[in-house]
Amino acid sequence: MTTGPRNRASRVPLRRSLLGRLLGVSALVAACSVAATAWLAVQTTSGAILQEQGQNLTADARIYDTLLGYAARNRTWDGVDATVRELAEQSGRRVALTTQSRQPLADSATATTPPALPPEASAVVDPLSVDTVLAARSTEGQGTAADRIDPRAVGPFLLPAAERTALRRMADRNAECLNRAGIASDVVVGPSGRPRVQMVGNDPERALYTKCELSDLDAPTATERKALDALNGLADACLKRQGREGVRLNRGLYWGKEIAVTEPRQLPGDAREARPVPAVEPPREFTGEDDRAIASCVGTARSEQLSSYVASPALLFIGDEGGATVPGFDLSPANTAKIAGAAALVLALTVGASVLAGARLVRPLHALTGAAQRLRDGQEHASVPVSGDDEIGRLAAAFNDMSAHRARLEEQRKAMVSDVAHELRTPLSNIRGWLEAAQDGLADPDPAFVSSLLEEAVQLQHIIDDLQDLAAADAGVLRLHPEPVRVGELLSQVAAAHQARAETAGVTLTVEAGAATTVCADPVRLRQAVGNLVSNAVRHTPAGGTVTLRAYGEESGHLVVIEVADTGSGIPADSLPYVFDRFWRAEKSRSRRTGGSGLGLAIVRKLAEAHGGTASATSTEGKGSAFTLRLPATAPGALMG
């Protein structure tokens with residue numbers, strides 16, 4: 001016993017079925033949605049926490065820089081309490097300072113018994129060993145990440161009031177001179193009290209071609225020279241311990257060959273002459289190893305020289321009033337379990353809803369599949385219930401229409417096969433009978449005999465030509481040769497061609513058309529279409545009736561209407577939609593008077609569509625019928641030439 005197609009279809013693997021794919025896609029979408037939501041929540045929360053941590057780090061760097069500046073300008077931490085309390089009030093944090101042995105120096109905590117300090121300090125405040133990370137984050141720091149000694153720690157380089165006043169006057173004169181020369185300048189005072197001229201754009205070469213004596217401001221004062229000599233001695237001692245020669249440091253704490261500097265060449269209108277400045281030529285060149293050793297000794301000498309001018313290193317603690325440090329972000333196991341549970345719940349709900357929706361979707365599809373397989377197996381009209389007006393319902397309705405149309409076409413096909421067999425068998429039988437009679441000597445091949453055989457052969461040829469035209473139209477290879485055609489002349493030609501048959505049937509042919517009505521069409525094919533309509537009308541019009549050929553243009557001017565109307569028996573209303581179907585006949589009998597091949601009207605519709613037009617029919621049973629062709633009108637100027 002074989003298994004039917006429906007049973008085979010029901011055993012389609014889940015991974016290949018529509019329901020399986022729907023469940024898979026739904027699960028994937030749900031998983032991606034949950035993952036995206038969780039990721040977005042974590043990223044948003046993490047971003048907010050990181051932003052808050054960044055703000056805390058900026059505040060911590062500002063606190064560190066302020067206390068670092070205090071230590072650089074003071075020999076001890078005495079009096080730092082006011083600064084610590086002010087910083088705590090500005091930041092809303094607890095700020096505490098202790099010695100390196102954790103002896104309290106200052107604390108902003110307001111409790112009688114302050115909370116214990118955390119085991120690790122936030123930073124070490126030492127102006128001679130700056131935390132480069134915090135110094136780089138500070139917006140108020142004066143140093144750079146590469147300099148471990150705070151620039152505010154000037155020690156013996158701090159200028160007295162007299163030297164400051166003299167240098168300031170000189171700097172003001174130079175700034176005024178540069179401003180007069182068109183170079184915007186300002187005076188900036190450094191931590192030691194030494195002023196310098198700062199030019200807008202920071203391009204000192206622009207001042208070389210001015211009359212301003214900028215080099216006079218670079219000479220060290222007596223205080224700076226004394227401090228520089230002391231620093232030079234400490235550095236030389238360090239180099240001597242390494243077996244290296246000493247160096248001479250300039251005010252900027254640089255060493256090496258000093259190039260002789262000359263003032264610029266005489267400018268037009270300048271009465272001064274260029275004066276060379278004596279050059280200092282060290283006795284040797286310095287290698288990279290020499291530079292590293294000298295830099296190390298200079299740094300050690302600076303720390304040694306400044307150690308007695310700055311406060312001792314202190315531990316800095318920054319936290320909240322409860323004693324805790326800045327909290328970080330940690331996704332605890334409990335939070336992880338909550339996120340995983342919520343994700344699983346969303347996934348389960350999504351899959352459950354998908355199962356219900358998929359089952360409801362697949363049920364009518366299974367019914368459609370079964371009905372389609374029954375049609376394939378050759379069963380009669382098969383329909384499925386229409387459950388609603390949604391997409392599936394409309395699909396089921398369309399399937400039912402298709403099934404009904406298929407059943408109707410199948411009936412027409414069977415009738416067509418029977419009709420074609422009859423149409424071909426009758427003339428073939430006549431031809432065979434006459435030929436056999438002639439062969440047996442029973443019939444004399446006179447002109448009437450030959451005429452009878454020719455009539456049967458013409459009937460066969462007509463059927464074959466009609467079938468060939470329909471096949472060409474169906475294949476889209478029906479060739480047309482359009483040209484401007486005067487419709488009135490064409491209708492007169494068709495009427496003349498059918499006049500003899502109409503007179504024999506007792507039918508009157510009339511033509512109503514203006515000579516100016518034109519279309520762009522293939523004249524041969526258009527005569528064939530109109531001729532089929534006239535032949536059909538004459539055949540179904542009783543003696544004494546009239547067949548009228550009309551042609552007129554529609555009001556829009558874009559279409560030309562050709563109408564063939566008769567006063568025959570008419571077509572029943574239930575048969576009117578099928579008049580252009582192949583092998584359809586209003587009268588089911590195959591009498592020679594009214595029973596044609598059933599292909600004429602089908603060919604008319606195909607020819608009209610090939611010309612870009614339409615074919616339609618109206619009828620009133622017992623009063624007659626009218627067949628109408630609507631074709632595109634000839635464009636202006638089409639008849640020229």
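Below, all heavy atoms of this structure are taken into account, side chains as well, without hydrogens, waters or symmetry copies. Residue numbers count from 1 along this sequence.
A71 and W77 make their closest contact through CB-CH2, 3.5 Å (heavy atoms, listed as atom of the first residue, atom of the second, distance). Nearest heavy atoms, A109 versus P114: CB-CB, 3.9 Å. The heavy-atom pair separating I149 from L306 by the smallest distance is CG2-CD1, 3.9 Å. The shortest non-hydrogen separation linking D81 to A106 is OD1-CB, 3.5 Å.
Under the salt bridge (Lys or Arg N to Asp or Glu O under 4.0 Å) criterion, R225 pairs with D229, sequence neighbours left out. Evaluation of the side-chain contact (heavy atoms from CB on, under 4.5 Å) rule for L231 yields F157, L249, L253, A301, R302, Q305 as partners, not counting sequence neighbours. Remark: D186 engages no residue in a salt bridge (Lys or Arg N to Asp or Glu O under 4.0 Å) (not counting sequence neighbours).
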Verdict with reasoning, V124 to Y64, per side-chain contact (heavy atoms from CB on, under 4.5 Å): CA-CA 9 Å; V124 178; Y64 172 79; over 6 Å; no
What's the verdict on side-chain hydrogen bond (donor to acceptor under 3.5 Å, both in side chains) for T223 and T221, showing C-alpha distance, side-chain angles and the deciding distance? CA-CA 5 Å; T223 301; T221 65; 4.7 Å; no
Step by step, work out the side-chain hydrogen bond (donor to acceptor under 3.5 Å, both in side chains) result for T98 and Q103. CA-CA 5 Å; T98 69; Q103 294 298 319; over 6 Å; no
Going through the checks in order, is the side-chain contact (heavy atoms from CB on, under 4.5 Å) test met by D107 and R94? CA-CA 8 Å; D107 195 343; R94 179 191 178 188; 2.8 Å; yes
Under the criterion side-chain contact (heavy atoms from CB on, under 4.5 Å), I'd like the reasoning laid out for L128 against R148: C-alpha separation, chi angles, the key distance, then a yes or no. CA-CA 6 Å; L128 302 182; R148 297 301 301 273; over 6 Å; no
Dump the intermediate steps for side-chain hydrogen bond (donor to acceptor under 3.5 Å, both in side chains) on S108 and R85, then the final yes or no. CA-CA 5 Å; S108 66; R85 285 194 297 271; over 6 Å; no
Determine, stepwise, if the pair D126 / D150 fulfils side-chain contact (heavy atoms from CB on, under 4.5 Å). CA-CA 9 Å; D126 184 3; D150 193 286; over 6 Å; no
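Remark: S192 OG to L158 CG distance equals 7.0 Å, nearest 0.5 Å. Between the CD atom of E86 and the OG atom of S91 there is a distance of 10.5 Å, given to the nearest 0.5 Å. How far OG of S185 is from CE of M199: 6.0 Å, rounded to the nearest 0.5 Å. Distance check: D236 CG to R241 CZ gives 11.0 Å after rounding to the nearest 0.5 Å. For the atom pair OG1 (T83) and CG (N74), the distance works out to 8.5 Å, reported to the nearest 0.5 Å.
R75 contributes a side-chain N or O that, together with a main-chain N or O of S308, makes up a donor-acceptor pair within less than 3.5 Å. N232 contributes no side-chain N or O that, together with a main-chain N or O of L228, makes up a donor-acceptor pair within less than 3.5 Å. With hydrogens and angles ignored, the 3.5 Å screen pairs no side-chain donor or acceptor of S296 with any backbone N or O of R292.
Under the 4.0 Å criterion applied to side-chain N and carboxylate O atoms, E245 and K240 are not assigned as salt-bridge partners. Classification of R244 and E289 as a salt-bridged pair holds, one side-chain N sitting under 4.0 Å from a carboxylate O. Ion pairing of R152 with D65 is present here, as a side-chain N (NZ or NE/NH1/NH2) and a carboxylate O approach within less than 4.0 Å.
You'll find the side chain of R73 stays beyond 4.5 Å of the side chain of V310, heavy atoms only. The closest side-chain heavy-atom distance from E224 to E163 is not below 4.5 Å. For the pair Q242 and C297, the minimum side-chain heavy-atom distance is below 4.5 Å. With contacts defined as side-chain heavy-atom distances shorter than 4.5 Å, the pair D172/V187 qualifies. The closest side-chain heavy-atom distance from L97 to L315 is not below 4.5 Å. The shortest side-chain heavy-atom distance between S122 and D60 does not fall under the 4.5 Å cut-off. A heavy-atom distance below 4.5 Å is found between the side chains of R102 and L117. For the pair I63 and Q90, the minimum side-chain heavy-atom distance is 4.5 Å or more.
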